[in-house]
Amino acid sequence: GKITTYPGRTVRLQVTSVDDANSLSPSLVYTVIDANGITSPKITLEPSQKAQWIGTVCGTMEYQIYGPEMASLKLFLSNNPSDSPTVIEVKLLSCEPGFTLMSNSSTGVMECNCSEFFTSFGVICDASEGIVTRNTMNWIGVYNSTLPALASTCPMDYCNSSITKLSL
């Protein structure tokens, strides 16, 4: 399979484990990352060594992938080291409008975070979900599909006075 996502965004994979007879079978599924030789800035997977128990129903495995924009990598999923793994190709896209690629100050990983433009207006960003939260009585949106737009005050009776979350 193939996935496109943004640096630092949460990726959720629905995984079902089957045995040699193609019957649903509980299993421990391991994930290994291949960053195609990219070493700087480093591509990382959180959690880094993922092993998750999958029962006889579909399970969700969650990851956050950090790295440079437009990087390509592969995730290898396997429940037995001697089996051929399931390969998932991942392409990291350029950050969405309002987000900028930067190094996380506490972890050092590369992720899309709130742009200085948004933070100067008090906007809060959740990079893992791609959601921005605006303060009350601010207007926020995307202009021409690429440029974030924000007005510090709204025209009378134009804006909702509650806090609003927006997925870009």
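By convention here, the first residue in the shown sequence is residue 1.
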Atom CG of L13 and atom OG1 of T60: how far apart are they, to the nearest 0.5 Å? 9.0 Å
Let me check something: do M102 and Y66 share a hydrophobic cluster, defined by ILVMFWY side-chain heavy atoms less than 4.5 Å apart, either directly or through other members? no
Side chain of E62, backbone of R12: donor and acceptor closer than 3.5 Å? no
Would you call K91 and M70 a side-chain contact if the rule is heavy atoms closer than 4.5 Å? yes
May I ask you to test the V132-I124 pair for a side-chain heavy-atom distance under 4.5 Å? no
Could you tell me the separation between the OH atom of Y63 and the CD1 atom of I3, rounded to the nearest 0.5 Å? 8.5 Å
Here the gap from I131 atom CD1 to D126 atom CG, rounded to the nearest 0.5 Å, amounts to 5.5 Å
Determine whether N113 and T100 satisfy the following criterion, side chain to side chain contact (heavy atoms under 4.5 Å, CB included), listing intermediate values before the conclusion. CA-CA 5 Å; N113 266 324; T100 303; over 6 Å; no
Carefully, step by step, assess V11 and I65 under the rule side chain to side chain contact (heavy atoms under 4.5 Å, CB included). CA-CA 8 Å; V11 174; I65 302 169; 4.3 Å; yes
Only one of Q64, E111, E129, E96 clears side-chain hydrogen bond (donor to acceptor under 3.5 Å, both in side chains) with R9; which? E96
Take atom CD in E116; do more than 12 heavy atoms of anything else shown fall under 6.0 Å from it? no
To the nearest 0.5 angstrom, please state how far the SG atom of C114 sits from the CZ atom of F99. 6.0 Å
Flag side-chain contact, heavy atom, 4.5 Å: S128 against T10: yes
